[in-house]
Amino acid sequence: MAKKDIDWSNLGFSYIKTDKRYVSNFKDGAWDEGTMSTDDQITMSECACVLQYAQTIFEGLKAYTTEDGRVVCFRPDLNAERMEQSAKRLEMPVFPKERFVDAIVKTVQENIDYVPPYGSGATLYIRPFMFGSNAVIGVKPADEYQFRIFTTPVGPYFKGGAKPITIRVSDFDRAAPHGTGHIKAGLNYAMSLHAIVDAHDKGFDENMYLDPGSRTKVEETGGANFLFVTKDNKIITPKSDSILPSITRRSLMVVAKEYLGLEVEEREVLLEEIKDFAECGLCGTAAVISPVGKIVDHGKEICLPSGMDEMGPTTKKLYDTLTGIQMGRIDAPEGWIKVIQ
Ligand SMILES: *Cc1c(COP(=O)(O)O)cnc(C)c1O
């Protein structure tokens with residue numbers, strides 16, 4: 001056993017095949033015992049429910065090496081719970097929580113040589129997913145499913161410092177009221193692809209989606225939740241039934257309250273009031289927090305006082321505290337760190 005010969009600090013974010021992946025199949029109403037496989041290819045019917053009707057859900061989390069050399073991941077029980085919610089909404093079988101966490105641990109253990117060393121900034125990204133695999137032509141849920149977990153090493157999110165990004169208010173909607181915005185389903189991403197390509201073409205890093213009903217309230221971006229800091233240093237995050245409940249954002253709210261003694265609030269946020277905020281960040285597993293410097297609303301620029309050069313001071317404190325907890329430099333709340341090795 002030896003670490004793979006990879007230039008960890010210069011890794012990007014693209015798929016690199018690792019040695020093993022976890023595979024479990026659901027058939028005749030039950031999950032099989034599951035195995036580790038070396039085969040990264042999937043063969044199924046051309047009429048599989050996932051291919052015809054997009055019956056697929058996923059999760060994303062990371063394994064990394066802490067300061068004292070342990071390999072850990074962050075709150076995998078919450079990924080299991082969220083995947084359960086996603087499965088129920090798309091009429092898919094639930095992969096039990098304890099088995100989910102065990103399978104994560106086993107998959108990382110089997111790919112331990114791909115876990116980047118402490119200090120490299122790189123991590124081993126973990127992708128659990130599930131899809132309807134048997135042939136379905138009339139519209140109905142599949143009755144056979146596959147649950148898989150693969151891993152792939154990814155580089156540091158911020159190379160050469162966390163530079164604030166510019167986002168635009170999107171004319172496209174992400175998720176309908178009472179729709180599927182709150183679950184991690186591939187379908188939410190399929191319909192965001194045109195919006196993100198269009199945003200990039202026009203020089204923006206991301207889309208800010210509004211509530212489709214009134215188009216006055218802030219929801220989230222394609223893959224990250226918003227966190228705002230008010231001028232009197234309160235932390236605010238938008239509340240809506242169609243926002244995906246980010247584990248990073250929920251953890252940051254705890255950090256803000258319990259570690260930094262800040263007031264936190266989850267409430268509706270109007271596009272109107274953004275101009276009065278001091279800082280803005282995007283929260284998700286990939287970046288933890290990505291600072292936003294500018295929001296463009298149809299030609300009207302909203303410039304956050306934190307500017308375009310660096311993270312705002314409160315965003316930075318939140319980022320440093322949560323990454324400190326994850327890397328084992330700061331004591332974690334009970335149950336947040338799952339030790340793998
Ligand atoms: C995955 C995801 C997030 C971030 O969630 P984390 O659990 O923090 O990684 C935010 N928004 C959407 C739409 C997502 O799919």
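Ligands are counted one by one from 1 in listed order, and the atoms in each one are counted from 1 as well. Keep in mind that this is a model prediction, so the values were computed, not measured.
- Contact annotation for Ser246 and ligand 1: heavy atoms of both the backbone and the side chain come within less than 4.0 Å of the ligand.
- Only one option out of Leu318, Leu322, Leu252, Thr321 pairs with Tyr259 in a side-chain contact (heavy atoms from CB on, under 4.5 Å); it is Thr321.
- The environment of NZ in Lys275 is crowded: more than 12 heavy-atom neighbours from other residues, nucleotides or ligands sit within 6.0 Å.
- The protein heavy-atom contact nearest to atom 2 (C) of ligand 1 is Lys184 NZ, 2.6 Å.
- Remark: of the listed residues Asp201, Asp205, Asp297, Asp198, Asp198 is the sole one forming a salt bridge (charged side-chain N to carboxylate O under 4.0 Å, His left out) with Arg168.
- Under a 4.0 Å N-O distance rule, the pair Lys217/Glu268 qualifies as a salt bridge.
- We find that Arg267 and Glu273 are joined by a salt bridge, their nearest charged nitrogen and carboxylate oxygen being less than 4.0 Å apart.
- The protein heavy-atom contact nearest to atom 3 (C) of ligand 1 is Gly223 O, 3.3 Å.
- The protein non-hydrogen atom at the shortest distance from atom 11 (N) of ligand 1 is Glu220 OE1, 2.7 Å.
- With respect to the salt-bridge test (charged N to carboxylate O, under 4.0 angstrom), the residues Asp102 and Lys106 do not qualify.
- For ligand 1, the polar-atom distance check finds no N/O of Arg249 at less than 3.5 Å from any of the ligand's N/O atoms.
- Between Glu84 and Lys88 a salt bridge is recorded (basic side-chain N to carboxylate O distance below 4.0 Å).
- Not a single N or O atom of Arg174, backbone or side chain, sits closer than 3.5 Å to an N or O atom of ligand 1.
- Applying the 4.0 Å criterion to heavy atoms of Arg82 picks out, from ligand 1, the atoms 5 (O), 6 (P), 7 (O).
- Looking at Thr151 and Thr107, their side chains never bring a donor and an acceptor atom within 3.5 Å of each other.
- Of the N or O atoms in Thr221, none lie within a sub-3.5 Å distance of an N or O in ligand 1.
- Checked by distance only, ligand 1 and Ile247 come closer than 3.5 Å through their nitrogen or oxygen atoms.
- In terms of protein heavy atoms, atom 15 (O) of ligand 1 is closest to Tyr189 OH, 2.5 Å.
- Scanning all protein heavy atoms for the shortest distance to atom 9 (O) of ligand 1 gives Thr285 OG1, 2.5 Å.
- Contact annotation: Gly222 has at least one heavy atom less than 4.0 Å from an atom of ligand 1.
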